[in-house]
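Notes follow once the structure below has been shown.
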Amino acid sequence: IVIPACGSAYYAGCAGKYTIEKLCRIPVTTELASELRYADPLIDGHTLLIVLSQSGETADTIAAIREAQSKGAYVLSIVNVVGSTIARISDDVIYTWAGPEIAVATTKGYTTQVSVLYLLALYLGEKRGCLSREEAAKLTDDLMILPQMVQRAIDLNPQIAQLAERYKNNPSLFFIGRNVDYAVCMEGSLKLKEISYIHSEAYAAGELKHGTISHIEPGIPVITVATQANVLAKTISNMEEVKARGGMIIAVCRKGTVFAENSVDLTLEIDADLDDMLVPLPTVCALQLIAYYTSVLRGIDPDKPRNLAKAVTTE
């Protein structure tokens with residue numbers, strides 16, 4: 001399976017990759033559509049292309065589809081806009097039915113794309129015999145309560161606004177996380193920089209020591225997403241490396257996560273009774289709110305960031 005996309009849709013694909021591989025045991029690669037179209041990709045008639053686009057009119061993604069189709073790939077698109085170009089030229093389409101998204105920076109477009117990828121992974125996993133009916137039913141039940149879990153994340157509003165007030169004037173921030181938390185970090189970082197104009201970068205937490213840690217100095221904020229139980233200890237170790245160098249740690253974690261004394265400056269808890277695979281959805285909503293409040297506090301219209309368009313129809 002190859003998932004080509006651009007911007008937030010690409011980061012949704014990165015989150016979906018982990019779930020599809022885990023539940024279906026099929027290799028998945030996520031590709032930037034603008035790169036795939038020129039890469040002479042290793043795609044043939046045995047390749048499933050899962051295309052993500054909110055508008056369905058993204059020029060680079062359309063070109064990537066045509067390149068893949070010329071090599072025999074089967075194209076399934078996940079789009080929001082009914083009758084859009086990508087929906088029409090694909091072999092099959094799943095609509096996200098998110099409704100019109102007014103803001104330039106996508107929010108619900110991203111979360112519905114990830115939700116559909118999860119549903120697809122559940123379906124394929126059960127059909128391939130990689131997932132029992134009982135396991136699929138439990139994960140489906142978790143999907144059904146996602147709206148409540150997202151609402152809980154939104155209910156953290158006062159704390160998120162305080163966080164934005166505290167760090168709104170920093171010239172740069174970092175996001176770190178592992179596994180699917182890293183995918184969430186990339187989307188959170190993009191949201192922050194595109195609507196608040198603060199420089200921000202997301203890194204896989206284990207990559208810090210491979211160069212990036214040289215940028216950590218006293219007072220620099222590092223938002224650490226730590227919701228995945230299987231890599232929590234490793235992520236905490238990376239947090240402690242940052243703290244030892246004077247960085248300010250904002251931990252975004254599941255409710256009840258315990259950290260060493262004085263190792264975290266601020267904690268943003270995600271109160272979600274969900275499987276680890278599904279926690280990224282309420283988590284990303286909290287990161288979107290951080291970007292929103294930071295933008296508003298800096299006097300910027302978060303719906304209309306400069307230099308950006310809702311549908312990128314040029315190369």
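A quick note: this is a predicted structure, and the numbers were derived from the prediction, not measured.
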Under 4.5 Å between side-chain heavy atoms, hopping through other hydrophobics if needed: is there a path connecting [X] to [Y]?
X	Y	value
I236	I270	no
V81	L52	no
V222	I198	no
F174	I195	no
L173	Y197	no

**Message:** One pair to check against side-chain contact (heavy atoms from CB on, under 4.5 Å): L76 and L48. What are the steps and the verdict?
**Reply:** CA-CA 7 Å; L76 168 64; L48 170 63; 4.1 Å; yes
When you compare the side chain of [Y] with that of [X], does any pair of heavy atoms fall below 4.5 Å?
X	Y	answer
I62	I86	yes
P4	V51	yes
I290	L268	yes
C253	F259	yes
Y18	V28	no
E67	P41	yes
I26	R128	yes
R166	I250	no

Can you give me every donor-acceptor pair (side chain of residues 108-122, partner residue at least two apart or in another chain, under 3.5 Å) with its distance?
residue	atom	partner	partner atom	Å
K108	NZ	A98	O	2.8
K108	NZ	P100	O	3.0
T111	OG1	K108	O	3.1
T112	OG1	K108	O	2.7
T112	OG1	G109	O	3.1
S115	OG	T111	O	2.9
Y118	OH	M277	O	2.5

Decide, yes or no, whether a salt bridge links [X] with [Y] under the criterion of side-chain N to carboxylate O below 4.0 Å.
X	Y	value
D60	R37	yes
D40	K71	yes
K191	E187	yes

Roughly how far, to the nearest 0.5 Å, is [atom2] of [Y] from [atom1] of [X]?
X	Y	atom1	atom2	result
R178	N238	CZ	CG	4.5 Å
C6	E35	SG	CD	10.0 Å
Q159	Y293	CD	OH	12.0 Å
L139	L131	CG	CG	6.0 Å
Q148	L146	CD	CG	9.5 Å
I249	T267	CD1	OG1	10.5 Å

Pair [X], [Y]: side-chain N/O donor-acceptor within cut-off below 3.5 Å:
X	Y	result
S90	S77	yes
T61	S53	no
T85	E57	yes

Show the nearest heavy-atom pair for residues [X] and [Y], with the distance to one decimal.
X	Y	result
C185	G177	SG-N, 3.7 Å
E194	A105	OE2-CB, 3.5 Å
S84	V79	OG-CG2, 4.1 Å
L278	L143	CD1-N, 3.8 Å
A136	T140	O-OG1, 2.7 Å
G125	C24	N-SG, 3.5 Å

Just checking [X]: does its [atom1] atom have more than 12 heavy atoms from other residues, nucleotides or ligands closer to it than 6.0 angstrom?
X	atom1	value
K234	NZ	no
D141	CG	yes
Y123	OH	no

**Prompt:** With respect to T227, which candidate in T235, T283, N179, D181 satisfies the side-chain hydrogen bond (donor to acceptor under 3.5 Å, both in side chains) definition?
**Reply:**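 By the side-chain hydrogen bond (donor to acceptor under 3.5 Å, both in side chains) criterion, T227 pairs with just one of T235, T283, N179, D181: D181.
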**Request:** Pick out which of L190, L192, T294 makes a side chain to side chain contact (heavy atoms under 4.5 Å, CB included) with S200.
**Result:**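 When side chain to side chain contact (heavy atoms under 4.5 Å, CB included) is applied between S200 and each of L190, L192, T294, only L192 qualifies.
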**Prompt:** Given E201 and K193, is the side-chain contact (heavy atoms from CB on, under 4.5 Å) satisfied, shown in steps?
**Reply:** CA-CA 9 Å; E201 297 294 339; K193 57 189 162 190; 4.0 Å; yes
Distance-only, no hydrogens or angles: does the [X] side chain make a donor-acceptor pair with backbone N or O of [Y] under 3.5 Å?
X	Y	result
K243	S263	no
Q69	I89	yes
R254	L274	yes
E101	T107	yes

Using a 3.5 Å cut-off and no angle test, enumerate the donor-acceptor pairs between side-chain atoms of residues 206-217 and protein atoms at least two apart in sequence or in another chain.
residue	atom	partner	partner atom	Å
K209	NZ	G206	O	3.1
S214	OG	G211	O	2.8

**Asked** Between I223 and Y167, does a side-chain contact (heavy atoms from CB on, under 4.5 Å) hold up when you go through it step by step?
**Response** CA-CA 11 Å; I223 297 176; Y167 296 109; over 6 Å; no
**Request:** Walk me through it: do M239 and V264 pass the test side-chain contact (heavy atoms from CB on, under 4.5 Å)?
**Result:** CA-CA 8 Å; M239 291 167 58; V264 173; 3.5 Å; yes
